[in-house]
Amino acid sequence: MTTSWPGSGSEPGSGFEPSDGSASAAFHRFHPEVQRWIYDSGWEHLRDIQELAAPGVLAGERDLVLSASTASGKSEAAWLPICSVLRRELDAGRRPLGVQTVVVSPLKALINDQYQRLSDLCDRVGLPVHRWHGDVPGSRKALVLRAPSGFLLITPESLEALFVRQGTEIGRLFGDLRYVVIDELHSFIGTARGAQLQSLVHRIELRIRRRVPRIALSATLGDLSAAAEFLRPGAGREVEVVAADSDAGGDVRLQVRGYLMADPPAPTHADRIADDVFATVHGGDNLVFANSRAAVEEYADLLAQRAAAAGNRTEFLAHHGSLARELREDVEARLRDPDRQVTAVCTSTLELGIDVGSVDAIAQLGAPLTVTGLRQRLGRSGRRPGRPAVLRVYVWESRTCETSPPPDALRGELFQTVAMVELLLAGWYEPPHAAGAQLSTLIQQILSVTAERGGERADRLHRDLCRNGPFTSVNRSVFAQLLRDLGRHDLLRQDADGVLLPGGRGDRLVNHHSFYAAFRTSTDHRLVAGGRSIGTLPVQRPLLPGTLLIFGGRRWRVVNIDPERRVIYLTPSDSGQPPSFAGNGGETADEVRMLMRDLYLSAEVPRYLDPVARQLLAEGRKQFHRHGHATQQLFDWRGEALLFPWRGDRIMNTLLVVLASHGWTVGQDGLCLTVHDLRAVDLWEVLADLARTPPPDPVDLARTVRVQTREKHDHYLGDDNLALAYAGRSLDVPGTWDLLADLARLPPPVDPPSRGGSVGEDT
DNA sequence: GACCTGCTGCGGCGTG
């Protein structure tokens with residue numbers, strides 16, 4: 001079969017073929033204007049994901065998960081067939097009566113980027129594109145409300161605001177909806193924001209009284225069937241999963257570099273790493289990822305000092321979520337500027353698909369937090385044809401001696417890094433955790449529905465949000481208790497007919513803009529220097545005038561604090577310290593910790609390790625065997641029993657809660673749990689006893705935890721529902737009892753761990 | 001010890 005170009009007929013067989021050499025079937029099914037746009041864009045062929053996705057999207061019946069690597073043309077795989085369908089309807093004389101495609105995206109910056117790209121296509125095809133988020137002027141939003149049509153690119157929070165503020169308009173706005181597209185699906189799965197998104201999409205379908213096909217896009221889905229189930233709760237099996245692996249991309253150059261922390265006053269590991277990063281990144285544009293905002297500030301400062309001392313023209317700029325938007329956008333603009341050499345030191349702010357131009361190399365400082373994040377970071381480079389993706393991971397370990405506790409001798413940072421790189425190379429990503437009942441987000445959605453509908457009956461709320469909606473695990477009795485909790489806090493009240501309405505406090509909550517986000521944020525202090533806001537800082541301890549700070553890559557002294565208005569006034573200074581930020585980290589997965597143990601037991605040396613990293617690998621293995629980890633998981637250490645479960649943080653947390661509920665004083669120290677005033681052999685007995693008892697009810701176990709609140713509206717929950725929410729979010733009782741069964745099969749620990757000489761002296 | 005994401009309506013002011 002040959003391909004002839006529409007209109008011209010002059011380019012038969014112009015190479016419009018998928019990479020297997022067969023003629024493109026999809027191209028011929030697109031509308032001629034879409035075909036012309038593809039041709040004018042200079043594409044030689046459709047990408048695999050575009051070829052594979054086209055029939056399903058064109059049919060417009062089934063839900064689809066489109067999974068393909070970064071920069072593989074996933075967005076266009078949805079847009080091209082959707083534009084074809086919508087344009088054919090225009091040709092047939094059908095005028096749209098509302099928005100035809102909603103694209104929900106997790107970031108404003110992604111929406112802005114996609115708006116540009118989609119507008120180029122839609123201008124040709126004759127379809128309008130609108131964007132709607134917090135930075136879009138109200139006048140533009142008013143235009144959409146007046147004449148809704150075409151594509152609407154929107155955040156979940158703005159969609160929430162539409163339901164609350166324009167509740168009566170939802171049916172008119174979306175009455176003609178043909179597709180719902182969800183971009184970067186992985187960023188929503190298993191989160192409060194994801195439950196909110198499921199609810200909002202479901203609520204659109206409820207209002208227009210029909211099902212709308214959903215199309216989800218992602219490059220890093222750890223579990224495709226879980227993604228399908230998330231996309232259409234209760235009917236994941238009917239979702240078509242389209243995965244294209246063949247575009248998985250070009251060369252990857254990867255190195256793990258090890259450092260052994262020197263004793264003071266020798267140069268610190270940070271100085272040595274900054275020297276090495278500086279030596280490798282000058283020239284071109286680079287991204288340096290750190291694991292905390294404080295580390296970003298520290299390294300941006302160290303690198304800028306080196307550039308200044310060397311008279312180097314590379315700019316080193318900090319980029320993280322607490323910096324003012326103007327400062328961040330300035331960094332992004334400089335990265336895009338081809339005349340500047342810019343290295344951004346950043347947190348996960350630059351991890352997702354924000355277009356910052358072509359990046360030459362990626363540095364990761366410290367062990368990666370997740371495989372998914374590492375993959376996204378790697379995907380920021382190598383986006384130009386013929387250029388490899390370059391990733392250098394910098395890992396440092398402390399010098400240890402015989403008084404160091406056993407976990408430090410194991411070189412856990414290095415082994416975690418190697419485990420994550422191996423999982424990355426194997427194409428594995430963290431599967432979503434069960435998130436439990438998501439009661440905090442359910443509270444938000446109950447209040448939102450009552451606002452949208454001007455009041456609603458309890459049975460209908462349960463039917464729409466739980467029985468037929470995304471909060472399926474919430475039964476009538478939990479729901480009834482939840483409504484009583486909300487009544488007690490004056491969030492809801494009931495009128496004489498039994499209709500639930502927002503109470504006084506609920507009314508204030510819903511009518512404040514902070515209501516639209518499902519996730520919790522801290523109360524930040526604004527940092528002001530020279531009359532300009534330079535960012536925000538979550539302050540945990542009182543900050544005194546005179547305190548020195550490094551922020552935005554510059555040094556400051558605190559001159560004054562306004563606690564009422566939560567403003568911190570700064571003046572430039574010659575010295576400073578990185579600020580401390582509050583935060584709750586992610587969870588390390590079971591698979592990572594289990595692979596770490598396999599790596600200790602193995603003798604293989606990955607080729608991507610530099611000499612010091614190899615040495616740390618050898619030391620870690622030596623200590624692993626010397627301490628008896630190959631056959632034991634329980635050890636004595638200075639009056640404490642140590643337990644190495646080699647499982648993820650959720651199981652470690654569950655085990656900690658179980659032991660604490662039996663009266664033991666338990667802590668977590670990286671890879672191990674520490675139990676005070678107990679011998680290892682006694683802990684072995686305790687664990688064996690536990691393994692013989694039936695697993696506890698997770699909710700009963702959760703009740704023993706002192707602080708169970710974590711999500712935004714958790715503090716409104718009564719004791720029962722709070723424990724239910726905690727259990728679903730933070731406990732894995734079955735996984736923990738599987739582990740206990742394994743531990744009970746181990747021989748009882750006999751000897752205290754051998755106390756060898758100091759580790760790592762020979763560097 | 002660890003990341004990120006989001007936000008309406010309206011009053012006041014200056015300018016064309």
Side-chain angles (χ1 to χ4, degrees), chain A residues 104-112 132-142 145 154-167 183-184 186-194 196-197 200 289-296 298 319-323 325 328 345-354 364-374 376-377 396 398 407-408 412-413 416-417 420 430 441 444 448 451 508-522 524 536 538 540 578 580-588 592 649 652 667-671 712:
Chain A
V104 189
S105 172
L107 294 176
K108 292 188 287 191
L110 279 185
I111 287 178
N112 294 343
W132 186 310
H133 58 62
D135 298 341
V136 174
S139 54
R140 303 295 294 268
K141 296 174 181 171
L145 288 172
I154 194 166
T155 61
E157 289 73 20
S158 283
L159 199 48
E160 187 74 73
L162 265 177
F163 270 100
V164 171
R165 304 265 161 196
Q166 314 282 345
D183 202 7
E184 305 285 2
H186 67 276
S187 72
F188 292 109
I189 299 178
T191 69
R193 208 180 186 200
Q196 176 190 27
L197 176 60
L200 291 169
F289 286 97
N291 287 342
S292 72
R293 286 166 284 189
V296 163
E298 182 183 10
H319 191 285
H320 58 73
S322 292
L323 282 172
R325 186 164 53 87
R328 277 191 279 162
V345 187
C346 54
T347 58
S348 41
T349 41
L350 289 180
E351 185 176 294
L352 278 183
I354 299 171
Q364 161 70 38
L365 306 183
L369 300 173
T370 61
V371 180
T372 306
L374 187 64
Q376 295 280 355
R377 290 172 184 196
W396 54 94
S398 327
D408 291 359
E413 287 279 307
Q416 180 172 322
T417 301
M420 290 197 168
E430 283 83 5
T441 307
Q444 181 205 34
S448 178
R508 286 194 297 279
L509 199 66
V510 170
N511 287 305
H512 192 265
H513 59 78
S514 60
F515 175 74
Y516 309 131
F519 51 88
R520 180 152 92 169
T521 48
S522 55
D524 291 341
T536 58
Q540 310 131 63
S580 64
F581 293 94
N584 39 40
E587 283 183 0
T588 301
V592 172
D649 285 327
M652 286 183 81
Q668 184 179 345
D669 181 6
L671 295 171
K712 187 175 182 181

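Keep in mind that this is a model prediction, so the values were computed, not measured. Residue numbering restarts at 1 for every chain, and letters A, B, ... go by the order of the sequence lines.
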Closest heavy-atom contact between A:Leu110 and A:Glu184?
-> CD1-CG, 3.7 Å
Establish whether the base of B:dT5 is bridged to the side chain of A:Arg193 by a donor-acceptor pair shorter than 3.5 Å.
-> yes
Once you round it to whole Å, what is the distance between C1' of B:dG9 and CZ of A:Arg140?
-> 19 Å
Between A:Lys141 and B:dG9, is there a side-chain N or O to OP1/OP2 distance below 4.0 Å?
-> no
Do A:Gln364 and A:Asn291 have side-chain heavy atoms sitting under 4.5 Å apart?
-> yes
Please state how far atom CD in A:Glu430 lies from atom P in B:dC3, giving the value in whole angstrom units.
-> 17 Å
Is the ring centre of A:Phe519 under 5.5 Å from the base ring centre of B:dT5, and are the two planes under 30° apart, so that they stack?
-> yes
Side-chain N or O of A:Arg165 less than 4.0 angstrom from OP1 or OP2 on B:dC7?
-> no
Position toward the 5' end of DNA chain B (nearest nucleotide), A:Asn291 or A:Pro156 | A:Asn291
To the nearest angstrom, how far is A:His320 atom NE2 from B:dC3 atom P?
-> 10 Å
Nucleotide B:dT8, atom P - distance to CD of A:Glu157 in whole Å | 10 Å
Reckon A:Lys712 touches a base, only the sugar-phosphate, or nothing at all at heavy-atom distances under 4.0 Å?
-> nothing
Residue A:Leu107, side-chain atoms from C-beta onward, closest of B:dG6, B:dA2, B:dT8 = B:dG6
Return the value, rounded to whole Å, for the distance between atom CG of A:Leu509 and atom C1' of B:dT8.
-> 14 Å
Under 3.5 Å: donor-acceptor pair, side chain of A:Glu351, backbone of A:Cys346 | no
Of the listed B:dT8, B:dG9, B:dT5, the closest approach to the A:Trp132 side chain comes from B:dT8
Look at the side-chain N and O atoms of A:Thr347 and state whether any lies under 4.0 Å from the OP1 or OP2 oxygen of B:dC4.
-> yes
Give one of base, sugar-phosphate or nothing for A:His512, where a contact means two heavy atoms less than 4.0 Å apart.
-> nothing
Taking the side chain of A:Arg328 as its heavy atoms from C-beta onward, which of B:dT5, B:dG9, B:dA2 lies nearest to it?
-> B:dT5
Is there a donor-acceptor pair closer than 3.5 Å between any side-chain N or O of A:Arg193 and the backbone N or O of A:Phe519?
-> no
Rounded distance in Å - CD (A:Glu587) to C1' (B:dC4) = 16 Å
Do A:His133 and A:Thr155 meet the criterion of a side-chain donor-acceptor pair at a distance under 3.5 Å?
-> no
Specify the separation, in whole Å, of atom OH of A:Tyr516 and atom C1' of B:dT5.
-> 17 Å
A:Gln196 side-chain N/O to B:dC7 phosphate OP1/OP2 under 4.0 Å | no
Tell me what A:Ser158 touches on the nucleic acid: a base, only sugar-phosphate, or nothing, going by heavy atoms under 4.0 Å.
-> sugar-phosphate
Looking at the side chain of A:Lys108, which of B:dG9, B:dC7, B:dC4 is the nearest nucleotide?
-> B:dC7
Mind checking A:Thr155 for me? I need base, sugar-phosphate or nothing, with any heavy atom below 4.0 Å counting as a touch.
-> sugar-phosphate
Assign each of A:His513 and A:Ser348 to its nearest nucleotide of DNA chain B by heavy atoms, then name whichever residue's nucleotide is nearer the 5' end.
-> A:Ser348
Sugar-phosphate only, base, or nothing, as touched by A:Gln416 at under 4.0 Å among non-hydrogen atoms = nothing
Over all heavy atoms of both residues, which pair between A:Gln444 and A:Phe515 is shortest? Give the atoms and the distance, please.
-> NE2-O, 3.1 Å
How many Å lie between CZ on A:Arg293 and P on B:dA2, as a whole number?
-> 9 Å
